[in-house]
There are 4 protein chains.
Amino acid sequence: MKQKDEFKREAIINVTIDMVYTNGFAGVKMAQIAKKVDISPSTLYVYFKSKNDLISSIATDLLKKITQTSQNQMHSDLPFKLKFKAIWLFYVNFEINNRKEMSFINQVKQSPYYKMIPLEIRNLKSSLVLDLLDEGKRQGLIKNLDNSILAALLSAFLTETVKLIDSKTLQLNEAETNTMFLLAWDAIKN
Amino acid sequence: MKQKDEFKREAIINVTIDMVYTNGFAGVKMAQIAKKVDISPSTLYVYFKSKNDLISSIATDLLKKITQTSQNQMHSDLPFKLKFKAIWLFYVNFEINNRKEMSFINQVKQSPYYKMIPLEIRNLKSSLVLDLLDEGKRQGLIKNLDNSILAALLSAFLTETVKLIDSKTLQLNEAETNTMFLLAWDAIKN
Amino acid sequence: MKQKDEFKREAIINVTIDMVYTNGFAGVKMAQIAKKVDISPSTLYVYFKSKNDLISSIATDLLKKITQTSQNQMHSDLPFKLKFKAIWLFYVNFEINNRKEMSFINQVKQSPYYKMIPLEIRNLKSSLVLDLLDEGKRQGLIKNLDNSILAALLSAFLTETVKLIDSKTLQLNEAETNTMFLLAWDAIKN
Amino acid sequence: MKQKDEFKREAIINVTIDMVYTNGFAGVKMAQIAKKVDISPSTLYVYFKSKNDLISSIATDLLKKITQTSQNQMHSDLPFKLKFKAIWLFYVNFEINNRKEMSFINQVKQSPYYKMIPLEIRNLKSSLVLDLLDEGKRQGLIKNLDNSILAALLSAFLTETVKLIDSKTLQLNEAETNTMFLLAWDAIKN
DNA sequence: GATGAATGAGCGTTCATTCAT
DNA sequence: TATGAATGAACGCTCATTCAT
């Protein structure tokens, strides 16, 4: 683990995300992080000026990264429902493949650390989804409700889907993800 | 002999629920609770033998209360969709009116305290909802999916609805709650 | 256990001696004593004005009782060595039969409570033994050493004998107690 | 990097031994130790991971040291009684010169801390004394009794001798220590 | 006299953070 | 930059004792 500079920062971040995933926030101690990264506790303070800073920096980074990543999704010229489904699947896969990171930001969101994250970061929204919803409404395919309502709902849906997969109640295959997608789709479709 | 103040236990519980709502579990300190109730920290230990006991006692009480309350709901002779909606509304209202308590048990559920709650309490489930889902499936009105999937989804929906109302994005009126109900209903209906 | 006045005081004392024997001083808590006597902790303070008072009262009582008891021993007109042995045996038996009480005062003696006992009690010595030693010296049968030295030694001897019996290394029978007596006697005899 | 003060650990140990000697175990508080060493209470935990660890580490160290020291005593070519006396005197002097340390281990032995000391340390016995007793028995010079009885007695004797010297009843000179030795010797000699 | 409630003072311990090198 | 030592500020909890009836 003993690397230089940027690598060390990276290592600290990864270890922290790992530990938050395994032990929850309450169980994350600076000394433990240091030990796992194989540095001294005081060295942590070379890279992050406090525990708050460590946590909220990671959260900020993750939030940015997540928004950006989804932004990169191809805006294909498929028919709306198919495009919608593709994006839905992208998100399901993204959450599954980034469990720890998602767990981290979910935990941050319901902790006092969340308030320490700059507002502009907290309000970052994937315009991808918003644009998509607008497109659907324009085509009369989805209900004409506030985007914030639809987005919140889809997000809850997504989270629940991932939880079900994590808990093995659902499997990550064509049939079952399609079922879940249809539940979401039926909810919002006109 | 000094008489035990019947309201003191109640006060401790309420203050604790309040603080968990505002600061989360991590932020609940015995000394702070005591201060808010205006008693000595050691007096807390007259009523609860430890912090664990305090938290899990409250959780146990709430869990019992919630299950019982919902159990008392009866809408047996209405047509299915109306019955379903009545129960949905009951839950929305219940969660709104017991925001802090619901927040408490939600937080407990994803904390180590949960394991301290007696299994028979943890396993209390509102058969109300499960029975309802079965009835709907029998009548061919709702999708033939696993109850655990449908229930998880409806629960996420419900939580999200309440959050939206809390954040003033939605209002707790006939029209808007109806809208939200329809989203849920459309998701699961056949 | 719930009796009146003198009996209650007695009960408190007995329970305390018991608990000191079982758990040592560190483990004796006022609340525990009260529980075992089946009274309220505050009632303890009706009988003893503090924990210090409780402990040192018991110690004082025991010390007095022990001195008095031995004083009552017949001053028979046996030849010296036999008389000496009889008294030795009396003490061995006394210690065995009053294990808990002896343990109590031994523990008190090496605790801060000892200083709280009135000096005149602490200095109580069994004149029985001192007289006996004087008699032996007069008869030229035992070494002409300071009584305090001889007494201390015999006491240590006695304690050790009792410990050995307690630990089953020795048995409380004619042969083995005689052996131990002879060790003591050989030590001090001229 | 701040260097660990080599003397600080030593200082903690010495202060602890001192306090146990003066106030007994019950009176030893981490905060008091820290104050006497002039460090913060939390610094204690840099050197010892708990109070139990502090006490039992000290006890372990002392036990090792004592056994080793006595082991180094060698008087192989003297006649038995002289050798025995030399060793007796060695122990008297050792106990006098290490009063506090001896008090410490004596107190530990009758406290719950004793169980925390590794068994192999607890079982360390000075074979010096046992070998000596065997040799004496072989030569027909001392009574043919169980070593555990003889050793227990000599130990009690020794302790009492040291107490008498401590209390100024006896002086640590040739004549008086000789007197005490003879008491012990007469007790066990054939 | 008897008692359950109440508490102040203190305890051992933890931990994010700073110090000193 | 890196670090082991050091620490202040808490924390959960205990317990002898007092309060109020």
Side-chain angles (χ1 to χ4, degrees), chain A residues 2 4-5 8-9 26-35 37-55, chain B residues 1-6 8-9 26-34 37-55, chain C residues 2 4-5 8-9 26-35 37-55, chain D residues 1-6 8-9 26-34 37-55:
Chain A
K2 212 157 203 174
K4 265 280 196 181
D5 288 0
K8 206 173 276 180
R9 196 187 139 95
V28 176
K29 309 295 151 64
M30 296 300 263
Q32 282 179 37
I33 296 173
K35 187 176 257 175
V37 182
D38 197 19
I39 57 175
S40 163
S42 29
T43 307
L44 282 179
Y45 291 83
V46 173
Y47 294 87
F48 299 93
K49 72 179 212 291
S50 70
K51 188 177 179 178
N52 285 349
D53 181 39
L54 170 62
I55 304 289
Chain B
M1 173 185 92
K2 213 184 229 170
Q3 274 310 327
K4 199 158 187 167
D5 187 343
E6 271 312 314
K8 204 165 280 179
R9 196 188 139 94
V28 176
K29 307 298 150 74
M30 296 303 263
Q32 282 180 37
I33 295 173
V37 183
D38 197 23
I39 56 176
S40 163
S42 42
T43 305
L44 283 178
Y45 292 84
V46 173
Y47 294 86
F48 299 92
K49 71 181 208 294
S50 69
K51 186 178 178 179
N52 283 350
D53 182 40
L54 170 61
I55 304 288
Chain C
K2 209 159 204 170
K4 265 278 195 179
D5 290 0
K8 206 172 276 182
R9 195 188 140 93
V28 175
K29 309 294 152 65
M30 296 301 263
Q32 282 180 36
I33 295 172
K35 187 176 257 175
V37 182
D38 198 19
I39 57 176
S40 163
S42 30
T43 307
L44 283 179
Y45 290 83
V46 174
Y47 294 88
F48 299 92
K49 71 180 212 291
S50 71
K51 188 177 180 180
N52 285 348
D53 182 39
L54 170 62
I55 304 288
Chain D
M1 175 184 87
K2 213 185 228 172
Q3 273 312 325
K4 198 161 189 165
D5 186 344
E6 271 311 315
K8 205 166 277 180
R9 196 189 140 95
V28 176
K29 307 299 152 72
M30 296 304 263
Q32 282 180 37
I33 295 173
V37 183
D38 197 22
I39 57 177
S40 162
S42 43
T43 306
L44 283 178
Y45 291 84
V46 173
Y47 293 86
F48 299 92
K49 71 181 210 292
S50 69
K51 186 178 178 178
N52 284 350
D53 182 40
L54 170 61
I55 304 288

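Both backbone and side-chain heavy atoms feed into the values below; hydrogens, waters and symmetry mates do not. Numbered from 1 within each chain, the chains take letters A, B, ... in sequence-line order.
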Q.
Using only atom types and a distance under 3.5 Å, with no angle test, would you say the side chain of A:K51 pairs donor to acceptor with the backbone of A:V28?
A. yes
To the nearest angstrom, the OH-P distance between B:Y45 and E:dC11 comes to 17 Å
note: B:Q32, atom CD; F:dC11, atom P; distance rounded to Å ~ 6 Å
| message | Does D:I39 reach a base, just sugar-phosphate, or nothing at all? Heavy atoms under 4.0 Å. | response | sugar-phosphate
Correct closest heavy-atom pair for A:M30 and A:Y45 would be CE-OH, 3.6 Å
A:I33 CD1 to E:dT17 C1', in whole Å, measures 14 Å
The nucleotide from E:dA5, F:dA16, F:dT3 with an atom nearest the side chain of C:M30 is F:dA16
Q) Can you tell if the side chain of A:L54 reaches within under 4.5 Å of the side chain of A:I33, non-hydrogen atoms only? A) yes
Checking F:dT17, F:dA6, F:dA2 against the side chain of D:V46 (C-beta onward), the nearest is F:dA6
Comparing A:S42 with C:K51, nearest DNA chain F nucleotide closer to 5' gives the residue A:S42
When rounded to whole Å, the CG to C1' distance for the pair A:N52 and E:dA16 reads 10 Å
Taken to the nearest 0.5 Å, the spacing of C:L44 CG from C:R9 CZ works out to 12.0 Å
Side-chain N or O of D:Y47 versus OP1/OP2 of F:dA6: is the shortest distance under 4.0 Å?
yes
Interatomic distance, CG@D:D38 vs OG1@D:T43, rounded to 0.5 Å, equals 10.0 Å
To the nearest angstrom, the CZ-C1' distance between D:F48 and F:dA5 comes to 15 Å
The residue, C:L44 or B:S40, whose nearest nucleotide of DNA chain E is more 5′ is C:L44
Between B:T43 and E:dT7, is there a contact of a side-chain N or O with OP1 or OP2 at under 4.0 Å? yes
From CD1 of A:I55 across to P of E:dT17 the rounded distance in Å is 10 Å
When rounded to whole Å, the CZ to C1' distance for the pair D:R9 and F:dA6 reads 17 Å
Listing for DNA chain E: consecutive Watson-Crick or G-U pair runs of at least 3, distance cutoff 3.5 Å, ranges ordered by first number, gives E:2-21 with F:2-21
By nearest-nucleotide position on DNA chain F, the 5'-leaning member of B:A31 and A:P41 is A:P41
Is the shortest side-chain N/O distance from D:K8 to OP1 or OP2 of F:dA6 below 4.0 Å?
yes
Rounded to whole Å, NZ of D:K29 lies from C1' of E:dT13 at a distance of 15 Å
D:S42 meets the side chain to side chain donor-acceptor pair (under 3.5 Å) criterion, sequence neighbours left out, with D:S40
Between D:A31 and D:P41 the two heavy atoms that sit nearest each other are CA-CG, 4.5 Å
